[in-house]
Participant: 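I'd like to ask some things about the structure below.
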Number of protein chains: 2
Amino acid sequence: MSAKHQDLEIQTRIDHILARLREEGFRVTPQRLAVLEVLAASENHPSVEAIYDQVRRRFSTISLATVYKTISLLKEIHEVLELGFADRSSRYDGHKPYPHPHLICTRCGRIQDPELSSLEELTREATTQTGFEIVTHRLDFFGLCNDCRCEE
Amino acid sequence: MSAKHQDLEIQTRIDHILARLREEGFRVTPQRLAVLEVLAASENHPSVEAIYDQVRRRFSTISLATVYKTISLLKEIHEVLELGFADRSSRYDGHKPYPHPHLICTRCGRIQDPELSSLEELTREATTQTGFEIVTHRLDFFGLCNDCRCEE
DNA sequence: CGGATAAAAATAATCGTTATTAATAAATAA
DNA sequence: TTATTTATTAATAACGATTATTTTTATCCG
């Protein structure tokens with residue numbers, strides 16, 4: 001994928017979220033724009049701290065609370081996906097704000113999105129077996145990514 | 001399953017964990033016994049608070065910190081599975097202390113264990129697609145259990 | 001038993017997140 | 001445009017679940 005094409009994709013995503021904010025009656029402020037720009041541009045499911053650090057480079061006076069509030073707002077309008085982990089840390093996905101599987105490298109922290117065609121079948125199996133009406137899910141695989149596996 | 005049979009199963013589980021504690025060189029104290037008895041008897045993936053409340057009925061002087069420490073110890077020797085959720089709450093499974101799928105009712109909080117045969121296939125798919133060496137996983141389905149679905 | 005030392009109780013500290021409040025700025029009306 | 005309304009921000013206090021600390025107690029093993 002060319003750099004130009006990627007820039008376009010990012011801008012499209014930003015525009016979409018801006019439209020969603022207006023649509024829901026929320027104001028578009030420089031702080032919100034800065035946060036969602038970081039989320040749209042980031043390829044690495046950043047943490048709140050990582051977002052805060054990035055945003056501060058261009059917006060030195062922004063408050064950490066504002067970052068939290070903005071992320072919370074984006075969650076509310078379903079434009080960001082929160083990945084909370086057992087160790088109480090959270091990472092955020094601003095690209096695909098709907099449930100999908102993740103592969104998490106326990107060595108370098110990298111998070112990758114696989115396309116798993118058999119997930120649908122698995123959901124069906126769970127439904128028929130238990131009588132649950134399944135609304136959403138969360139699926140994480142943990143292990144070593146290709147790079148870390150070779151370095152060890 | 002008869003009540004007697006269930007009692008036997010619970011006792012077997014308790015004995016196993018006690019053996020594991022001794023094996024690892026940890027002492028068996030009345031507090032630890034009380035906590036793991038609750039974990040072994042509970043069918044409902046209890047929270048720390050729920051365990052604390054149960055234990056206190058028979059052991060009124062036990063400290064909350066002791067409950068935390070005991071659970072942490074049982075995690076360490078891989079005899080309890082912690083399920084940490086995005087809202088920072090945690091529930092504990094003392095029956096199957098290895099990764100397995102869960103169905104969580106978002107209305108009543110009930111947690112059920114399905115047997116999903118296609119999970120193995122899914123893991124294979126993730127491995128071949130990404131080059132990850134998968135070590136463990138976490139899979140939760142959220143929705144309405146059979147009872148709650150009918151009551152709504 | 002008795003001593004070494006792990007574990008428990010009580011409580012203080014920690015830390016990520018949320019709530020509060022006064023100041024600011026965006027939207028709207030005049 | 002300017003005034004007015006009200007959402008949003010910044011700064012910081014508060015919160016709460018978990019962890020660390022310290023003193024006391026109790027288990028284990030010879």
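Every chain is numbered from 1 and lettered A, B, ... according to where its sequence line falls, protein lines coming before strand lines.
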Participant: Can you establish whether the number of heavy atoms outside B:R149 located under 6.0 Å from its atom CZ is more than 12?
Facilitator: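 Buried by this count: over 12 neighbours within 6.0 Å.
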
Participant: Quick one: do the A:E79 and A:H16 side chains pair a donor with an acceptor below 3.5 Å?
Facilitator: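 Note: A:E79 and A:H16 side chains meet the donor-acceptor criterion.
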
Participant: Would a hydrophobic clustering, with Ile, Leu, Val, Met, Phe, Trp and Tyr connected at side-chain separations under 4.5 Å, put B:Y92 with B:L21?
Facilitator: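 Result: yes, single cluster for both.
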
Participant: Less than 4.0 Å between a side-chain N and a carboxylate O, is that true for B:R91 and B:D93?
Facilitator: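 No, B:D93 and B:R91 are not salt-bridged.
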
Participant: Please determine if a side-chain N or O atom of B:Q31 lies less than 4.0 Å away from the OP1 or OP2 oxygen of D:dA26.
Facilitator: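 Negative; the distance criterion is not met.
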
Participant: Would you mind checking if A:E115 and A:K96 are paired as a salt bridge, meaning a charged N to carboxylate O distance below 4.0 Å?
Facilitator: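 Yes.
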
Participant: Do B:L83 and A:F141 belong to the same hydrophobic cluster, where Ile, Leu, Val, Met, Phe, Trp and Tyr are linked whenever their side-chain heavy atoms lie under 4.5 Å apart, directly or via other members?
Facilitator: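 No; A:F141 is not reachable from B:L83 via cluster members.
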
Participant: Starting at CZ of B:F85 and ending at C1' of D:dA17, how long is that distance when rounded to a whole Å?
Facilitator: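 My rounded result for the distance is 16 Å.
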
Participant: Heavy-atom contacts under 4.0 Å between residues 67-81 of chain A and DNA chain D, which residues?
Facilitator: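 Within residues 67-81 of chain A, no residue comes under 4.0 Å of DNA chain D.
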
Participant: Specify the closest pair of heavy atoms between B:T130 and A:N146, including all atoms of both residues, with the distance to one decimal.
Facilitator: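 That would be O-CB, 4.3 Å.
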
Participant: Kindly state which residues belonging to residues 51-65 of chain B come within less than 4.0 angstrom of DNA chain C, counting heavy atoms of the residue only, listed by number.
Facilitator: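 Close to the strand are B:F59, B:T61, B:I62, B:S63, B:A65.
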
Participant: Dump the pairs, protein N or O against N or O of nucleotides 28-30 of chain D, anything under 3.5 Å, distances to one decimal.
Facilitator:
residue : atom : partner : partner atom : Å
D:dC28  : OP1  : B:V28   : N            : 3.1
D:dC28  : OP1  : B:V28   : O            : 3.4

Participant: Is it the case that A:R107 places NZ or CZ above or below the six-membered ring of B:F132, under 6.0 angstrom from the centre and within 45 degrees of the axis?
Facilitator: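 Pair A:R107/B:F132 does not count as cation-pi.
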
Participant: Parallel, tilted or perpendicular for A:H45 and A:H102, by the 30°/60° rule?
Facilitator: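 Aromatic pair A:H45/A:H102 classed perpendicular.
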
Participant: Tell me the closest heavy-atom pair linking B:L119 and B:P101, and the distance in Å.
Facilitator: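 Taking B:L119 first and B:P101 second, the nearest heavy atoms are CD2-CG, 3.8 Å.
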
Participant: Would you tell me if any nitrogen or oxygen in the side chain of A:R88 comes within less than 4.0 Å of OP1 or OP2 on D:dA17?
Facilitator: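 So the side chain of A:R88 is outside the cut-off, no N or O lying under 4.0 Å from OP1 or OP2 of D:dA17.
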
Participant: To the nearest angstrom, how far is B:R32 atom CZ from C:dA9 atom C1'?
Facilitator: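 It works out to 14 Å between those atoms.
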
